[in-house]
Structure formats: structure tokens, C-alpha cells
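Note sheet for the following structure.
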2 protein chains.
Amino acid sequence: MSRVFNDEPYVAPAVRQRVLDAAKTLGYRRNNAARALASGRTHTIGVVTLGTAGYGPASLLVSIERAVRDAGYALRLVSTLDADPAGIAGGVQSLLEQGVDGIVISEPIDEGAASVGVDVPVLFLGAPPAFTAAQTLTAGTGAVLLARAATDHLLDLGHTTVHHIAGPQRWYAARERLAGWRQALEERGRGTPPVSYGDWSAASGYAAGRELARDSGVTAVFAAGDEMAIGLIRALLEAGRRVPEDVSVIGFDDMPVAAYVTPPLTTVRQPFEAAAREGLKLLVRAIEEPDVDIPPAADPPVDVVARASTAPPPARPQYLDST
Amino acid sequence: MSRVFNDEPYVAPAVRQRVLDAAKTLGYRRNNAARALASGRTHTIGVVTLGTAGYGPASLLVSIERAVRDAGYALRLVSTLDADPAGIAGGVQSLLEQGVDGIVISEPIDEGAASVGVDVPVLFLGAPPAFTAAQTLTAGTGAVLLARAATDHLLDLGHTTVHHIAGPQRWYAARERLAGWRQALEERGRGTPPVSYGDWSAASGYAAGRELARDSGVTAVFAAGDEMAIGLIRALLEAGRRVPEDVSVIGFDDMPVAAYVTPPLTTVRQPFEAAAREGLKLLVRAIEEPDVDIPPAADPPVDVVARASTAPPPARPQYLDST
DNA sequence: ATGAAAGCGCTAACAC
DNA sequence: GTGTTAGCGCTTTCAT
């Protein structure tokens with residue numbers, strides 16, 4: 001009887017035991033499809049993610065999986081090949097058909113809102129709501145704060161300015177980091193030098209680095225991702241500029257190899273775990289108590305990991321400076 | 001009417017159109033739970049994966065997701081916190097309850113078989129079957145061959161022997177690489193030097209590297225993973241041994257940053273995409289044609305990516321060698 | 001070629 | 001507290 005399996009009250013221990021025994025001997029396994037059909041609830045959360053194995057997205061996914069499981073839900077996954085509104089709308093659509101009680105959009109893209117008729121709550125992780133649903137929640141990784149902290153770290157070391165290699169601007173995450181960098185600079189009344197743009201890859205960091213290496217006025221660079229930072233460092237080294245003696249580099253993510261590249265990379269750690277956990281808490285509340293209003297999650301703490309790729313600027317007489 | 005949505009024959013175009021129109025205006029969305037309940041098929045494949053964001057597992061997952069989607073199935077995901085037989089049995093169990101038509105075990109652990117009553121076909125990706133199910137399939141990445149190729153690359157360069165930093169031996173993948181390394185050495189009648197063991201992390205590669213750096217007889221090392229290779233190189237560099245002039249290092253995986261670390265890492269590329277695609281083809285066949293027998297997938301091609309971390313051994317007079 | 005009807009295995013609501 | 005029953009929205013089979 002269902003009352004036993006659903007842990008409902010008012011069941012005599014004797015009866016419960018009898019049912020359990022029978023179930024075991026019969027090899028009974030509850031059928032979720034029937035449950036879902038009868039109750040209208042699937043106990044499943046759908047996740048729309050990016051189809052890439054990058055460290056950031058992959059870590060977030062792992063954290064989400066854990067959070068979903070801890071919340072007692074099962075997980076359906078769809079990933080979008082191309083991170084455009086149509087793609088994510090398609091993903092949401094397919095999740096809805098499969099049947100989910102809530103959706104997590106872990107695809108920090110934000111260009112034009114895709115509209116779908118969504119009747120379950122949706123959590124946007126690391127991006128503002130891109131469409132409206134029954135209820136939209138948000139939780140972030142505090143990227144603006146982290147980017148400010150990264151820039152401040154370099155400024156505090158004595159650099160007069162900090163250059164930035166940004167991520168692709170259709171990524172909300174990239175724009176947040178850019179904003180944080182700009183804030184830090186403006187707060188101290190420094191102008192913002194021209195920005196280089198990459199696509200998160202080490203190759204793009206390398207390309208940007210070749211340009212930057214030519215400008216001897218560059219003494220500090222904040223790369224919006226560790227991979228780009230690693231590519232950047234390689235370009236700098238090849239151009240004969242030492243890191244950190246001539247140029248300081250700070251990354252973003254703290255991927256596992258960051259501590260072991262040469263030189264070990266200073267970076268800021270992304271609080272994936274915390275963001276996923278907080279976000280899911282909201283989502284589950286929205287699912288289980290549809291009425292209450294839910295505030296956005298607070299930003300997680302900032303964690304700058306200082307290693308060997310950053311140092312004070314070279315003491316260099318003014319008249320030696322080019323441009 | 002269901003005949004329309006299931007693309008069945010014998011439906012007059014007029015009727016089909018009428019139904020489609022009605023569905024659209026009513027905002028009809030088909031309910032999968034009901035479908036599953038009535039048909040006994042969920043059109044969903046369950047994946048058991050490792051709860052880590054490492055490049056290898058993450059890439060495999062991405063490839064699996066794509067293959068599952070291309071096959072027209074939805075995807076349920078469970079990950080195991082701890083990669084032990086009980087964990088994977090639990091994952092399988094929960095997938096079975098949720099309802100899946102087939103299961104992919106992407107958890108290349110192999111220590112003791114966990115037994116569960118599994119009545120759907122199971123694909124073991126990168127590992128031999130760890131338990132018996134209705135039907136078990138396997139597909140691999142050809143790790144033995146890849147490891148042999150990596151070792152041969154070093155031997156062909158003129159190194160008299162090749163040291164190995166292996167992964168944790170409860171990973172089948174780690175044992176395969178070890179076997180490939182050994183094969184290559186024995187094939188040329190070379191003995192196998194003592195093996196160092198790591199845990200895939202750069203930190204463990206670094207630790208192993210500190211030992212290896214002490215032995216001046218070490219001129220070539222094959223690390224079972226790129227991250228370990230990166231840690232190893234760092235340890236070598238810190239010990240004053242140049243790479244590749246004094247010691248050559250080859251990794252395994254070809255993670256995206258490998259080309260940009262210093263020196264750029266020679267490595268072998270893992271054919272995740274191909275393995276996932278081939279494996280899923282088998283799984284889908286097993287689901288849709290339960291009777292036919294299915295052979296294991298063929299190993300994908302080998303791809304050694306030669307970069308700057310490998311070179312011929314230093315020409316060094318015999319009498320300068322310490323043991 | 002198409003309508004009608006009987007379940008699939010559960011939950012929820014109702015009796016007792 | 002516990003047994004009973006009517007659907008949930010489909011697929012499948014049987015009539016037509």
C-alpha cells in the first residue's frame with residue numbers, strides 16, 4: 001500500500017512491516033511513471049547546461065547534481081550545442097515534455113529572451129532571468145565582487161593600471177567580470193585601458209597576449225578565466241616578458257592545474273558549490289511551497305588565491321617607458 | 001489522437017492536419033509519464049557518472065549527452081560521490097526506479113562486482129562489465145593502445161627506458177595505461193622501471209616528480225594524465241631539471257590547456273566522442289532489438305600530439321651517470 | 001483508415 | 001487507522 005512507501009502517518013507498525021516484507025519477497029520496485037501520472041509531480045529537476053567540458057561549466061554541473069540529489073530529487077539533463085536563446089528554449093521545452101518539477105538554467109548566456117510557456121519554477125544560475133516562468137529564481141557566484149577583488153589585488157601590489165582580457169560578451173558571466181574590473185579601476189580614479197576579448201580558450205588568451213606583450217606599459221593583466229590566463233602567460237613568455245617580474249597575471253576560476261603551471265597562477269576561486277547549493281534551496285522551496293515569495297540568494301564569499309604569477313610592478317624609470 | 005504524434009502510417013493527411021491544429025490552439029503538450037506508464041518504455045537513458053569535474057570524466061559526459069540526444073533519448077543523470085561498487089549499485093538502483101530503457105556506466109572503476117537485478121541493457125564505457133544485466137555492452141577508448149603509442153613515442157626518440165606515473169589502480173583506465181606502457185617496453189626487451197602512483201591530480205604528479213627528479217637516470221616519463229604531467233613538469237623544473245632537454249614528459253588526455261603550458265605538453269588525445277558514439281549505438285540497438293547479439297565496439301584510432309615537452313635524451317657520457 | 005474502450009500502476013479522496 | 005475506488009493521459013487492441 002502506498003501509505004507505507006510514502007512514509008505517511010497513521011500506519012500501524014505491524015501493517016507497515018507486513019507490507020515491506022511482501023514487497024521484498026515479490027521484488028517490488030515502485031514505478032515512477034505511474035506515480036508521476038497520478039500525482040502530477042515527478043520529483044525530478046531538469047537542468048539545461050552548456051555542451052562543453054570547460055572547467056567552469058563542468059564544475060557547476062557537478063555541484064548541481066549533488067545539490068539536486070541532496071534535495072531528494074532526480075535529475076534530467078539536456079545540453080545545448082549552441083548557446084543561443086532558441087537552443088535553451090528548446091532544452092526547456094524538452095524538459096517540460098519529459099516532465100520535471102523545476103528547472104535549472106546553468107547557461108550563463110543572455111542575449112534576447114526566449115519565451116516558452118513554463119509552468120514550473122526556474123532557477124537561473126549565474127545569470128539574470130532570461131524569460132518569465134511560473135516563478136523565476138536567481139543565484140550567482142558573485143562574479144562582480146570576485147572580479148573587483150582580482151583587480152584590487154593587482155592595484156594593491158602597486159600597479160598603476162590593470163589590463164583585462166574579457167570573455168565573450170554574450171556570456172553574462174563575462175560581462176559581470178568586466179564590470180567588476182571597471183568598478184575597481186574607477187573607484188580609484190584610474191582610467192580603463194582598452195579591453196581585449198577572448199572566448200575562454202587558452203588559444204584566445206594567447207592571441208590577446210601577443211598584442212599585450214608589445215605594449216611595455218602593460219604591467220598587470222586580469223584574465224577572465226584561468227585558461228585564458230595560461231595562454232596569456234605563454235604569449236608573454238615567448239615575447240621575452242617575464243611573469244611576474246615584468247608582467248603580473250591573475251586568472252579567474254582556480255582550476256586544479258592553476259597551482260602547477262609555471263609560474264603558479266594567482267587567481268580567484270569560483271564558489272560553484274555554494275552557488276548551486278543556495279540556488280537549489282530556493283528552487284526546492286519554490287516547488288514545495290508555491291505561494292511564498294523567495295528572495296535572491298546572497299553572494300558567496302570572495303576568495304583570492306595568491307600564487308606566483310603576481311608581484312609588484314617593475315621599478316622602471318619613466319623615460320624608459322614607451323607609450 | 002496518438003496515431004498522429006507517433007508518426008504512424010494509415011493516417012489521412014486531412015485528419016493529421018486537423019489534429020495538429022487542435023493541439024496547437026489548445027497548447028497541448030504530451031505527457032511522458034502517461035506514455036511511459038502505458039507503453040512500458042520511457043525513452044530515457046540513465047547515466048551513472050563520477051562526481052568530479054576532471055577533464056576526462058567531464059568530456060565523456062558531454063559526449064554521452066550528445067550521443068544520447070542524437071539517438072533520440074532523454075537523459076537521467078546520477079553521480080556517485082564515492083566510486084565504489086556500492087555507490088554505483090545505488091546509482092543503478094535509483095535509475096531503475098526512475099525508469100530508464102538503458103543504462104550507461106561511465107565510471108571506470110572495477111573493484112568487485114556489485115549485483116543488482118537489472119532488467120535493461122547496460123553499457124560499460126571504458127571498463128569491463130562490473131555486473132551482469134539483461135545485456136551488457138562495452139565500448140572503450142583504446143587506452144592500452146594509446147599508452148603503448150605514448151611510450152613508443154619516447155622510445156623512438158632514443159630513450160633507453162621510460163618511467164611511468166600511473167593513476168590509482170582501482171581505476172580500470174589506470175590499469176590499462178599501465179599495461180600499455182609495460183607492453184611497449186617489453187616488446188623491445190626493456191625492463192620496466194619501478195612505477196610511481198598518483199591520483200590523477202597535478203598535486204600527485206608533483207609529488208611523484210620530486211622523487212623522479214632525484215634520479216638522474218630518468219630521462220623520459222609517461223604520465224597517465226595531463227594534470228599529473230603538469231605537476232610532474234613543475235617538480236622537475238623546481239629541481240633544476242630542464243624539460244625536455246634533461247627529461248622528456250608525455251601526458252595523456254590532451255586537455256585544452258596542454259598546448260599552452262610551459263613547455264607545451266606532448267600527449268595523446270582521448271577519443272571520448274568516438275567512444276561515446278559507438279557505445280551508444282550498441283546500447284540503442286540492444287534496447288530496440290533485444291534479441292540480436294551485439295559485439296563490443298572496435299577501438300578508436302590513436303592520436304599522439306607531439307609538442308615541446310619531449311625530445312631525444314641528453315647525450316651524456318656514461319661515467320657521469322649516477323645509478 | 002478511424003473511433004471506442006480497456007488498462008498501465010499509482011495517488012488521493014472517500015468510506016468505514 | 002485501514003480497505004476501497006476513481007481517475008491521471010496515454011498506448012494498444014478491437015470494432016468498424
Side-chain angles (χ1 to χ4, degrees), chain A residues 1-46 72-74 76 93-102 117-120 134 284 287-291, chain B residues 1-46 72-74 76 93-102 117-120 134 287-290:
Chain A
M1 199 90 268
S2 77
R3 277 185 269 252
V4 172
F5 289 99
N6 294 339
D7 273 350
E8 273 169 50
Y10 308 129
V11 188
V15 180
R16 158 164 282 138
Q17 196 50 53
R18 191 153 49 86
V19 174
L20 254 26
D21 286 350
K24 172 156 283 181
T25 57
L26 296 183
Y28 171 82
R29 197 182 278 156
R30 107 223 248 156
N31 179 325
N32 234 270
R35 268 190 120 194
L37 180 55
S39 67
R41 301 250 339 255
T42 57
H43 269 283
T44 294
I45 285 175
Y73 282 75
R76 276 190 185 281
Q93 184 66 39
S94 103
L95 286 176
L96 253 19
E97 264 178 25
Q98 298 299 325
V100 292
D101 291 347
V118 183
D119 42 10
V120 299
V284 168
I287 292 171
E288 296 174 356
E289 308 161 39
D291 333 298
Chain B
M1 202 88 263
S2 76
R3 276 185 270 254
V4 172
F5 289 98
N6 294 339
D7 273 351
E8 272 170 49
Y10 308 129
V11 188
V15 182
R16 156 163 285 138
Q17 195 51 52
R18 192 154 49 83
V19 174
L20 253 28
D21 286 349
K24 171 156 285 179
T25 57
L26 295 184
Y28 170 81
R29 197 182 279 155
R30 112 224 245 151
N31 179 324
N32 234 270
R35 270 191 118 192
L37 179 55
S39 68
R41 300 255 335 257
T42 58
H43 269 283
T44 295
I45 286 175
Y73 283 75
R76 277 189 184 282
Q93 184 66 37
S94 105
L95 285 175
L96 253 19
E97 264 179 25
Q98 299 299 325
V100 291
D101 291 346
V118 182
D119 42 10
V120 299
I287 291 172
E288 296 174 357
E289 308 161 39

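Each chain gets a letter, A, B and so on, in the order the sequences are listed, and its residues count up from 1.
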Exercise for review: State which of C:dG9, C:dT11, D:dT12 makes the closest approach to the side chain of B:Ser39.
Suggested key: D:dT12
Exercise for review: Starting from P on C:dG9, measure out to CG on B:Leu96 and report it in whole angstrom.
Suggested key: 15 Å
Review point. Roughly, in whole Å, what's the span from NE2 in B:His43 to C1' in D:dC10?
Key: 13 Å
Point to revise | Nearest-neighbour nucleotide for the A:Arg30 side chain, C:dC10, D:dT11, D:dG9 considered | key: C:dC10
Let me check something: any side-chain donor-acceptor pairs from residues 30-39 of chain B under 3.5 Å, sequence neighbours excluded? List them with distances.
unit_1	atom_1	unit_2	atom_2	d
B:Arg30	NH2	B:Asn6	OD1	3.3
B:Asn31	OD1	B:Ala33	N	2.7
B:Asn31	OD1	B:Ala34	N	3.0
B:Arg35	NH2	B:Asn6	OD1	2.9
B:Ser39	OG	B:Arg35	O	2.8
B:Ser39	OG	B:Arg41	N	3.2
B:Ser39	OG	B:Arg41	O	3.3

**Study point:** B:Thr42 and B:Asp101, any side-chain heavy atoms less than 4.5 Å apart
**Key:** yes
**Study point:** Angle of first-five versus last-five pair axes in the helix from C:dA1-D:dT16 to C:dC16-D:dG1, to 10 degrees
**Key:** 40°
Check your understanding: From the list D:dC10, C:dC10, C:dC8, which nucleotide is the closest neighbour of the side chain of B:Leu37?
Key -> C:dC8
Study note, to complete from the structure: What one should report as the nearest heavy-atom pair of B:Arg76 and A:Ala74 is NH1-CB, 3.5 Å
Check your understanding: Minimum heavy-atom separation for B:Thr44 to B:Tyr73, with atom names?
Key -> N-CD2, 3.7 Å
Review point. To the nearest angstrom, how far is A:Asn31 atom CG from D:dC10 atom P?
Key: 16 Å
Review point. How long is the line joining CD of A:Gln98 and P of D:dG9, in whole Å?
Key: 17 Å
Check your understanding: Do you know the tightest heavy-atom contact between A:Val284 and A:Ile45?
Key -> CG2-CD1, 4.5 Å
Point to revise | B:Glu97 CD - C:dG9 P separation (whole Å) | key: 16 Å
**Study point:** Sequence-distant partners of A:Asp119, side-chain contact (heavy atoms from CB on, under 4.5 Å), two or more places apart
**Key:** A:Leu96, B:Arg29
Point to revise | Atom pair distance, as rounded to whole Å: CZ in B:Arg41 and P in D:dC10 | key: 18 Å
Exercise for review: Could you state the atom-to-atom distance from CG of A:Asn32 to C1' of D:dC8 in whole Å?
Suggested key: 14 Å
